[in-house]
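Following this message is one structure expressed as structure tokens.
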Amino acid sequence: MPDGRLTVVGTGLITPQHITQEAKRHIELADRVYHLVPDPLGISFLRSLNSNLVYLGDCYQKTDNRAKTYSMMAQRILQGVREELNVVAVFYGHPGVFVSPSHQAIKQARKEGYDATMLPGVSAESCLYADLDIDPGKLGAQNYEATYFLCHKININLSAPLTLWQLGVVGDLSFSTKIKPSATGLYLLKQKLMKHYPDTFEVILYETAIIPAFAPRIKRKPLEDIQLDDINEVTTLYLPEYIAAQKDDYFCTELETKTNQGEKSCQIN
Amino acid sequence: MSDKLKSLINDLGKNPGLQQAFKTDRDSIFDQYQLSEDDRELLRQEDTEGIRRKLGDDESPISTNSIVHKAE
Ligand SMILES: C[S@@+](CC[C@H](N)C(=O)[O-])C[C@H]1O[C@@H](n2cnc3c(N)ncnc32)[C@H](O)[C@@H]1O
């Protein structure tokens with residue numbers, strides 16, 4: 001295996017509070033740290049751990065298409081690995097949750113024979129569970145990218161919460177680096193949701209705080225009333241469950257019967 | 001770059017007691033950190049964007065973009 005190595009880590013949403021000990025140690029030990037951390041305090045923190053920082057944010061200015069930007073970021077990260085360095089790439093949140101360049105870089109590095117690992121981080125989803133006091137173990141959870149959700153036939157489970165990410169670029173098929181939701185995208189997303197939920201169904205526009213001690217933004221609104229003005233770059237849309245899940249009588253009864261008959265009635269291969 | 005603002009935010013992250021006081025008695029914390037009127041207002045309004053702009057500089061830029069995923 002060649003010498004270069006890639007570790008992809010996340011900072012969580014509030015840096016340094018959310019960063020793991022493991023991620024921190026990897027950053028300290030890296031030969032070079034590529035990063036796309038959006039807030040100045042987070043960047044100062046990274047600099048206090050390692051002075052060899054390379055900011056990937058300028059890639060947004062180099063092309064006007066997000067897909068190209070993400071490939072460019074992955075290629076940059078790979079450059080360091082090919083120089084046989086111990087490279088760490090840092091993204092905010094969980095580095096593998098709705099982050100294209102991290103997955104691209106790992107895949108490419110492995111293809112070229114390098115050791116490449118991703119470490120978990122605190123994602124906006126983890127914060128949502130904490131801020132809204134929701135346990136995905138209770139009713140399940142569904143997560144989709146908003147434009148993907150709009151453009152694909154999805155079997156929505158109305159008995160489980162539905163979380164839509166990247167509302168800030170919903171319907172933007174140009175994949176432009178200028179971030180804004182398209183009015184048409186939002187209109188159609190509402191139309192699609194209102195085919196399954198009542199128009200007046202109360203949803204939550206959610207933004208977790210990225211400054212310690214600040215309150216999260218939790219805006220409750222009827223689905224039909226969501227406006228472009230409600231949406232920022234980091235807004236996540238959360239729809240609670242609408243109808244209770246039906247009990248599966250057949251399997252519940254089977255479970256009871258077979259349990260009473262003892263283990264032998266249920267041989268698995 | 002506003003060093004006093006930065007130092008308060010850093011301390012808030014490390015000190016749950018200060019976080020609690022920030023919720024109940026902001027003004028005395030502002031006095032303690034000798035914040036400018038501008039910084040106090042940013043904190044009173046919980047103006048995250050304003051604070052990011054204030055703390056960003058050439059070395060620690062604020063991102064113009066937090067979208068890092070392309071829908072397939
Ligand atoms: C490119 S993804 C990055 C997610 C990040 N890697 C994570 O682990 O949370 C950006 C999307 O994450 C969600 N997001 C990011 N910051 C957020 C915040 N402060 N509050 C709520 N959702 C956020 C929004 O849906 C946003 O459009």
Side-chain angles (χ1 to χ4, degrees), chain A residues 14-17 36-47 53 55 57-58 60-61 65-67 69-70 73 91-93 95 97-103 144-152 165-166 168-169 172-173 175 177-179 207 209-215 217 232-234, chain B residues 1-33 35-36 38-72:
Chain A
I14 306 187
T15 322
Q17 286 73 27
L36 192 66
V37 172
D39 79 288
L41 286 174
I43 299 175
S44 314
F45 176 72
L46 291 187
R47 191 170 298 106
L53 290 191
Y55 181 51
D58 59 318
Y60 284 112
Q61 274 85 55
N65 177 282
R66 285 196 279 123
T69 305
Y70 303 150
M73 289 174 181
F91 295 86
Y92 81 93
V97 174
F98 294 86
V99 183
S100 301
S102 61
H103 289 289
Y144 292 100
E145 202 275 344
T147 305
Y148 177 92
F149 176 85
L150 178 61
C151 297
H152 289 80
W165 297 61
Q166 298 206 152
V169 285
D172 171 22
L173 293 178
F175 298 109
T177 48
K178 314 263 176 312
I179 299 299
E207 287 164 31
I210 59 163
I211 305 237
F214 278 20
R217 175 174 172 255
N232 297 314
E233 201 177 305
V234 296
Chain B
M1 170 69 80
S2 171
D3 285 341
K4 289 174 180 154
L5 177 63
K6 187 176 173 185
S7 134
L8 169 56
I9 295 174
N10 276 330
D11 290 350
L12 277 171
K14 289 185 241 163
N15 183 343
L18 188 65
Q19 284 189 16
Q20 196 50 39
F22 182 79
K23 285 178 188 156
T24 51
D25 187 10
R26 263 177 216 201
D27 284 324
S28 64
I29 292 176
F30 295 165
D31 291 341
Q32 195 184 319
Y33 281 78
L35 295 187
S36 69
D38 264 13
D39 290 352
R40 288 172 193 238
E41 201 45 32
L42 287 171
L43 289 166
R44 274 189 206 111
Q45 300 301 325
E46 301 204 353
D47 179 355
T48 301
E49 270 320 299
I51 292 173
R52 270 161 43 106
R53 271 198 298 277
K54 187 101 194 233
L55 297 183
D57 57 24
D58 287 347
E59 277 218 308
S60 304
I62 55 163
S63 167
T64 49
N65 204 317
S66 58
I67 300 293
V68 208
H69 172 85
K70 180 184 170 293
E72 300 293 325

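Residue numbering restarts at 1 for every chain, and letters A, B, ... go by the order of the sequence lines.
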*To the nearest 0.5 Å, what is the distance between CG (D11(B)) and OH (Y33(B))?*
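The distance works out to 3.5 Å.
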*Which residues satisfy the side chain to side chain donor-acceptor pair (under 3.5 Å) test with S7(B), sequence neighbours excluded?*
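None.
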*What part of H152(A) gets closer than 4.5 Å to chain B, counting heavy atoms only: side chain, backbone, both or neither?*
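Looking at H152(A), just its side chain touches chain B.
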*Compare all side-chain heavy atoms of L18(B) with those of L8(B) and state whether any distance is below 4.5 angstrom.*
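They are in side-chain contact.
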*What part of D47(B) is in contact with chain A, defined as an atom under 4.5 angstrom from a non-hydrogen atom: side chain, backbone, both or neither?*
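Just its backbone gets close to chain A.
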*Looking at L173(A), N232(A), V99(A), which makes the most heavy-atom pairs under 4.5 Å with chain B?*
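Answer, by heavy-atom pair count under 4.5 Å with chain B: V99(A).
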_Close side-chain approach of F45(A) to N10(B), heavy-atom, < 4.5 Å_ =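 Contact flag for F45(A)/N10(B) side chains = no.
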*Partner chain B: residue of A209(A), A146(A), S100(A) with the largest heavy-atom pair count (under 4.5 Å)*: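 Heavy-atom pairs under 4.5 Å are most numerous for S100(A).
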*Contacting region of I51(B) [heavy-atom separation from chain A under 4.5 Å]*: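 When you check distances to chain A, only side chain atoms of I51(B) fall under 4.5 Å.
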*Evaluate the side-chain proximity of E207(A) to T48(B): yes if any heavy-atom separation is below 4.5 Å, no if none is.*
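In short, these two side chains do not touch, never coming nearer than 4.5 Å.
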*asked:* With a 4.5 angstrom heavy-atom cut-off, is it the side chain or the backbone of I14(A) that approaches chain B, or both, or neither?
replied: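 Neither; nothing under 4.5 Å.
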